[in-house]
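Order of the sequence lines fixes the chain letters, A, B, ..., with proteins taken first and strands second; residue numbering starts at 1 for each chain.
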Number of protein chains: 2
Amino acid sequence: MSDNTQPRTRVRLRDVADLVGVTAAAASMALADSPRISDKTKRAVRAAATQLGYVPSSAGRALRSQRAGAIALIVPNTTQHVFGHSYFMHVLTGVSSVANERDTQVLVSTNPDEAHGLAAYERVMRSKSADGAIVTSAAVTDLNVERLSQSGLPVVLIGNFPYLSTSVSVGIDDVGASRSITEHLIEVHGRTRLLHVTGPMDHQTAIDRREGFLAAVAAHDLADASRVVEGDFSEEAGRDAVLGLGRDLTGFDGIVFANDDMAFGGLRALKSLGVSVPQDISIVGFDDFGLSRLTTPGITTVRVPAERMARVATERLFDLIEGSKPGPSHQELAVTLVLRESCGCESKADDA
Amino acid sequence: MSDNTQPRTRVRLRDVADLVGVTAAAASMALADSPRISDKTKRAVRAAATQLGYVPSSAGRALRSQRAGAIALIVPNTTQHVFGHSYFMHVLTGVSSVANERDTQVLVSTNPDEAHGLAAYERVMRSKSADGAIVTSAAVTDLNVERLSQSGLPVVLIGNFPYLSTSVSVGIDDVGASRSITEHLIEVHGRTRLLHVTGPMDHQTAIDRREGFLAAVAAHDLADASRVVEGDFSEEAGRDAVLGLGRDLTGFDGIVFANDDMAFGGLRALKSLGVSVPQDISIVGFDDFGLSRLTTPGITTVRVPAERMARVATERLFDLIEGSKPGPSHQELAVTLVLRESCGCESKADDA
DNA sequence: TGCACTTGCTTTATCGTTAAAGCACATTAC
DNA sequence: GTAATGTGCTTTAACGATAAAGCAAGTGCA
């Protein structure tokens with residue numbers, strides 16, 4: 001019943017070599033396609049390896065080569081809450097697919113508990129469990145991230161980190177994108193009295209998106225009729241921002257939410273108040289990680305290419321690990337404006 | 001400017017030992033608190049280790065101990081649906097926190113494509129990169145999962161796998177839960193003409209939830225007035241199921257969706273048709289991974305304790321790795337019925 | 001005083017892999 | 001015909017950590 005090509009015990013290179021009748025070193029060279037090994041032996045070794053189901057021991061290889069064959073994806077726990085699950089999944093997908101192309105494992109370090117006086121992810125790096133790290137931090141300042149990125153170990157950050165300007169990072173132009181989507185409301189839909197609901201202001205994205213909003217209203221001389229309310233990226237914050245306005249709500253004809261979750265919360269609140277979107281008020285979000293596509297009306301938003309950011313970041317990380325290409329320290333990817341119904345643009349007859 | 005306790009190069013146990021003036025072996029025994037080492041030396045070694053920032057090399061340790069110090073979280077069928085992301089994140093959180101308690105790394109293997117003739121996650125195990133694996137597969141039969149779970153390596157599955165009865169797994173009672181929520185509609189809300197929208201029928205959860213629905217309607221003699229429609233767990237499927245009924249829709253007064261995403265899609269479709277929920281039709285979902293809380297009305301659903309399932313599964317995995325406690329091969333966790341408005345139960349004045 | 005036992009280290013060996021050096025034997029060069 | 005050059009392997013050593021065995025020096029006991 002049992003497949004006899006299935007190894008009962010772990011197969012070492014030694015076992016493959018024994019089967020062929022050479023030493024382990026010769027087998028190693030054979031599998032590495034060394035010119036010093038005859039074709040005949042190479043074929044024999046490869047056949048034996050396949051037959052026995054040989055897979056190199058990662059520990060042996062790591063020890064010998066001083067390479068773990070793994071990269072770490074580091075998620076400070078604050079990030080989990082602030083960015084949604086979808087963002088993280090996109091990042092994971094991107095990192096995984098590039099890592100896979102390089103036969104590299106992905107190690108996810110998500111718990112920053114100070115287990116032994118060192119943050120978990122610092123231990124990961126110091127123990128050489130990973131050759132480098134992708135860090136998805138949201139906070140403006142995170143001491144651990146700072147230490148890590150300045151430790152000399154290969155680290156690539158996803159996001160914008162003006163305070164860590166020497167670090168290698170991949171992000172988007174939050175300021176420009178936020179300005180663009182705000183100007184869409186102003187120029188295309190003629191909205192003039194705008195509200196902005198920010199993310200938590202200790203997050204760089206929140207700071208930047210607010211700056212883009214302010215630049216847009218200032219450029220169109222609408223600063224007097226506009227207002228900024230602080231939120232925290234949660235749908236409750238979006239709801240509360242709208243409900244908290246009370247009768248002031250009628251003073252606005254457009255709301256720029258700093259992310260889609262808040263836009264969703266705000267949309268529900270507006271509906272519950274009998275305000276119709278986009279007729280009475282236009283709203284827009286930011287991110288396009290899934291939710292904004294599903295609401296009624298669909299939320300006009302900025303698509304953040306999370307998976308591509310992760311792919312680019314991972315490729316940069318491999319460059320760093322291999323010691324090649326210094327390249328620019330910060331890279332910015334283009335974003336797309338996704339026009340749906342919540343701003344006043346027509347539906348593309350998506351529904352039946 | 002630079003902190004002089006920061007090691008410039010990698011610190012080996014050898015370096016710690018040299019500083020104290022003993023051999024690496026003695027230092028190793030000192031850190032392991034061996035009774036054969038004097039207290040004085042132990043203190044000196046520990047102090048030196050701290051001073052130099054010594055962290056044991058995972059490769060060296062893995063090779064010597066034949067333990068990788070890592071477990072793999074394997075996700076064969078990468079979730080495409082947006083809210084499948086939440087499920088995965090809950091699982092990741094649960095696995096991570098237990099692994100963290102044991103000073104174990106978590107390796108995420110999500111790519112099912114066969115790089116060298118072996119699925120990526122089979123290589124992970126065979127290369128001894130991980131000491132065991134948690135597998136979250138939804139499919140009824142997955143050849144790779146089957147091979148993996150029968151390879152003799154420590155593997156714990158999350159979900160129900162009747163076809164892999166010898167495997168260790170942790171799941172919930174989908175049949176019972178589905179029956180309960182269906183009976184809630186029947187007994188509490190007097191619904192008698194029920195529709196069930198299933199998941200993809202090659203998923204065990206879909207099969208089980210349908211079975212629970214059928215058991216409930218049969219027990220109440222409502223089989224004649226009930227119908228089952230096949231879906232695929234996506235919100236589009238929920239929408240299409242509702243729209244596809246055409247004028248038959250009026251024949252139903254309750255819909256049991258096999259998950260929340262479809263319930264959400266169905267809810268939107270019903271609204272667009274001018275059908276009010278729960279007045280005209282009661283609906284319920286399944287999962288409670290976040291979405292069902294956010295809709296209006298909130299969707300009554302079954303809370304699947306994904307994070308706890310993952311925690312339990314990971315603890316079982318460590319038992320297997322350590323060779324202790326055979327325990328039951330399949331474990332089932334309790335679920336909770338979460339009553340919201342979509343079934344007709346009162347809102348708990350959650351909103352302002 | 002002599003022998004066993006304890007204490008506290010050091011030496012040795014091993015995990016699996018692979019670069020580098022070593023070493024027969026065959027081939028070519030002049 | 002002897003030296004240089006190839007060819008195709010084997011031997012050696014090292015990566016870092018740590019059990020196990022070894023071995024001095026000190027202690028206890030008769």
Side-chain angles (χ1 to χ4, degrees), chain A residues 7 9-46 48-49 52-70 103 123-131, chain B residues 7 9-46 48-49 52-70 103 123-131:
Chain A
T9 70
R10 203 174 53 265
V11 179
R12 296 155 306 160
L13 185 51
R14 173 75 201 281
D15 302 320
V16 173
D18 284 353
L19 186 62
V20 176
V22 294
T23 62
S28 174
M29 294 166 84
L31 292 177
D33 203 24
S34 157
R36 303 295 301 273
I37 298 291
S38 69
D39 285 351
K40 188 179 146 218
T41 302
K42 283 182 190 172
R43 275 193 301 272
V45 170
R46 281 195 277 256
L52 297 178
Y54 170 70
V55 176
S57 148
S58 59
R61 204 173 242 188
L63 190 55
R64 173 67 228 227
S65 66
Q66 301 294 84
R67 282 288 198 83
D103 273 318
R123 305 197 94 240
V124 172
M125 300 305 293
R126 298 279 280 276
S127 70
K128 303 245 89 194
S129 295
D131 300 318
Chain B
T9 70
R10 201 175 55 266
V11 179
R12 298 154 305 159
L13 185 51
R14 174 73 201 283
D15 302 320
V16 174
D18 284 353
L19 186 62
V20 175
V22 294
T23 61
S28 172
M29 294 166 85
L31 291 177
D33 203 24
S34 157
R36 304 295 303 272
I37 299 291
S38 70
D39 284 353
K40 188 179 146 217
T41 303
K42 282 182 190 172
R43 276 192 300 273
V45 170
R46 281 195 276 256
L52 297 178
Y54 169 68
V55 176
S57 148
S58 58
R61 212 174 233 190
L63 190 55
R64 174 66 227 225
S65 67
Q66 301 294 84
R67 281 287 198 84
D103 273 321
R123 305 198 93 240
V124 172
M125 301 305 293
R126 298 279 280 275
S127 70
K128 302 247 86 193
S129 295
D131 300 318

Within this structure, what is the CZ-CG distance for the pair R61(A) and L63(B), rounded to the nearest 0.5 Å?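 One finds 13.5 Å between CZ of R61(A) and CG of L63(B).
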Working to the nearest 0.5 angstrom, can you tell me the gap between R126(B) CZ and R10(A) CZ?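 Taking CZ in R126(B) and CZ in R10(A), the distance rounds to 12.0 Å.
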Find the distance [X]:[atom1] to [N]:[atom2] and express it as a whole number of Å.
| X | N | atom1 | atom2 | value |
| --- | --- | --- | --- | --- |
| D15(A) | dG16(C) | CG | P | 9 Å |
| L52(A) | dG16(C) | CG | P | 15 Å |
| D18(A) | dG16(C) | CG | C1' | 13 Å |
| R67(B) | dC15(C) | CZ | P | 18 Å |
| D39(A) | dT7(D) | CG | P | 12 Å |
| K128(B) | dT17(C) | NZ | C1' | 16 Å |
| L31(B) | dT18(D) | CG | P | 8 Å |

Check whether any side-chain nitrogen or oxygen of [X] sits under 4.0 Å from OP1 or OP2 of [N], and answer yes or no.
| X | N | answer |
| --- | --- | --- |
| Q66(B) | dG16(C) | yes |
| T41(A) | dC9(D) | yes |
| S38(B) | dC9(C) | yes |

Touch class at under 4.0 angstrom, heavy-atom based, for [X] against every strand present:
| X | answer |
| --- | --- |
| A62(B) | nothing |
| S57(A) | sugar-phosphate |
| A59(B) | nothing |
| A32(A) | nothing |
| S65(B) | nothing |

Check whether [X] reaches the backbone of [Y] with its side chain - one donor and one acceptor, N or O, closer than 3.5 Å.
| X | Y | value |
| --- | --- | --- |
| S129(B) | S58(A) | no |
| K42(A) | S34(A) | yes |
| D131(B) | R67(B) | no |

In terms of side-chain heavy atoms of [X], which of [options] is nearest?
| X | options | answer |
| --- | --- | --- |
| P56(B) | dC15(C), dC9(D), dA17(D) | dA17(D) |
| R64(A) | dC15(C), dT17(C), dC9(D) | dT17(C) |
| M29(A) | dT18(C), dT10(D), dC9(C) | dT10(D) |
| R61(A) | dT10(C), dT18(C), dT10(D) | dT18(C) |
| A25(B) | dG16(D), dT10(D), dT11(C) | dT11(C) |

Least distance between heavy atoms, R46(A) atom then A30(A) atom: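 The answer is NH1-O, 4.1 Å.
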Taking atom types as they are modelled, is there a donor-acceptor pair under 3.5 Å from the base of dG8(C) to the side chain of R36(B)? yes
